[in-house]
Engineer: 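The following block contains the structure, expressed as structure tokens.
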Amino acid sequence: MNDPKILADRFPGDFVFGVATAAFQIEGATKMDGRKPSIWDAFSNMPGRVYGRHNGDVACDHYNRLEEDLDLIQSLGVSAYRFSIAWPRIIPEGTGPVNEKGLDFYDRLVDGLKARGIKAFATLYHWDLPLMLAGDGGWTARQTAYAYQRYAKTVIARLGDRLDAVATFNEPWCSVWLSHLYGIHAPGERNMDAALHALHFTNLAHGLGVAAIRAERPQLAAGLVLNAHSIHAGSDGEADQAAAARAFDFHNGVFFGPVFKGEYPESFLSAFGTRMPAIEPGDMETISQPLDWWGLNYYTPMRVSHDPAEGAEFPATVPAPPVADIRMDIGWEVFTPALGDLIRKLNADYALPACYITENGACYNMGVENGAVDDQPRLDYIAEHLGVTADLIREGYPMRGYFAWSLMDNFEWAEGYRMRFGLVHVDYETQLRTIKKSGRWYAELAGAFPKGNHRAA
Ligand code: IFM
């Protein structure tokens, strides 16, 4: 069961196996070399926002342990590393002067990957908006999209020659809905009007970012990473089925529609069209420029039922109970078929380019015992989701790679450091890294690639 050699045989030889992280979650060194605060520095320093008032000041101290961590990545046998670049290191005030020392850090990171034969998959935005921009409205302000475009251009001008792929955004669902409507992530807003503005200006920034990448490096593979939701109706009843369709439009359609069809979903526009910010001529064309790839981050399904409350706001859903009784330590339902259902549905609804699973993994908090971490449930989770990925390849879907979330335990946003997703355990007192059982298993699998049986062109 879960023999890495048997699993390896189910993938084409050029399938990319990687590990992923994000800047704010691992780097620490928040005040070093000219970096200025992001909205997450401010948010995590406010009482009641992040578990235990944990913050990113030290995190995994990756900024100061770069070489050691690059060796760690290499020791996992992976052929690619997905990381994010911190805007507050590059243009610390969001607009204004560029900080060369910030660029130097990512230069060393990318060169270190190249020297080790590892592909560099960079994400330009993984939620750490420079705090100064919040003073002008943050993502609810149109000018933030233009500030982002300049930042994107700056990064690609410096690093683009050595990147293998770049994503404009990681999970805009989180930086839009979770941050401006549900209030869980920075800046902690609970306001539909703010969220609708953040939605359109984030989509616009994505498009402006693609334009900047194309202008600087036309050959660089540009993409977008979405945490599309695998939405399942709580029952076969008509009301719940309709609720699931609305939820699909609200959670997925508002990103996939503009990017891959050049339009917001009709149901969404009829609910909120009058409250959206002005969509200026050319916006939808900018947003819907062709991409070379897209990334899916998948962890757990979303189950919804119709919300019978009078006047319930679109999408008018309430959570439906889980079907599977397996839960991660963070409480998320483990339901593997949802990954396949999601890829099939998205490809049926949109003309999608090649796909990488840019994040998948599980939260289990077991610690080190006698120098080892036995995290069999994480190993099983990853193996089973890779099994589904292999099925999708067999069915003809253009799945090109898989990145385990995460390389190592790290700052899990509103959950602080108490929730662990790493293949590598981090002792936050000593910064000792210990490769878990899942990490050793993944190294055996990933180490088999690239291999001879390449995909037919
Ligand atoms: O840790 C996060 C990551 O930053 C984005 N995707 C989901 C992960 C687990 O919650």
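Just follow the structure's listing: the first ligand is 1, and inside any ligand the first atom is 1. Only this structure's heavy atoms are used, side chains among them; waters, hydrogens and symmetry mates stay out.
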Engineer: List the closest protein heavy-atom neighbour of atom 7 (C) of ligand 1: residue, atom name, distance to the nearest 0.1 Å.
Structural biologist: Glu359 OE1, 3.2 Å
Engineer: Mark up the atoms of ligand 1 that fall under 4.0 Å of a heavy atom belonging to Trp332, in ascending order.
Structural biologist: 10 (O)
Engineer: Can you sort out which atoms of ligand 1 are near Glu412, meaning under 4.0 Å from one of its heavy atoms?
Structural biologist: 1 (O), 2 (C), 9 (C), 10 (O)
Engineer: Look at atom CE of Met132 and say whether more than 12 heavy atoms of other residues, nucleotides or ligands are closer to it than 6.0 Å.
Structural biologist: no
Engineer: Ser438 versus Arg440: any side-chain heavy-atom pair under 4.5 Å?
Structural biologist: no
Engineer: For Met419, state whether at least one heavy atom is located under 4.0 Å from any atom of ligand 1.
Structural biologist: no
Engineer: For residues His200 and Val254, determine if any side-chain heavy atom of one lies less than 4.5 Å from a side-chain heavy atom of the other.
Structural biologist: no
Engineer: Is it true that Glu27 and Arg35 make a salt bridge, defined as a side-chain N closer than 4.0 Å to a carboxylate O?
Structural biologist: no
Engineer: Applying the side-chain contact (heavy atoms from CB on, under 4.5 Å) criterion to Pro4, which one of Leu386, Leu379, Leu445 satisfies it?
Structural biologist: Leu445
Engineer: Below 3.5 angstrom, do we get any N/O pair linking Trp413 and ligand 1?
Structural biologist: yes
Engineer: Does an N or O anywhere in Asn297 fall below 3.5 Å from an N or O of ligand 1?
Structural biologist: no
Engineer: Taking only heavy atoms of Glu171, which atoms of ligand 1 are found under 4.0 Å from at least one of them?
Structural biologist: 5 (C), 6 (N), 7 (C)
Engineer: Please report whether ligand 1 has a polar contact with Gln25, defined as an N or O pair separated by less than 3.5 Å (distance criterion only).
Structural biologist: yes
Engineer: List in chain and number order the residues that pass ring pair (Phe, Tyr, Trp, His ring centres under 6.0 Å) with Tyr428, two or more places apart in sequence or in another chain; answer none if no residue qualifies.
Structural biologist: Tyr417
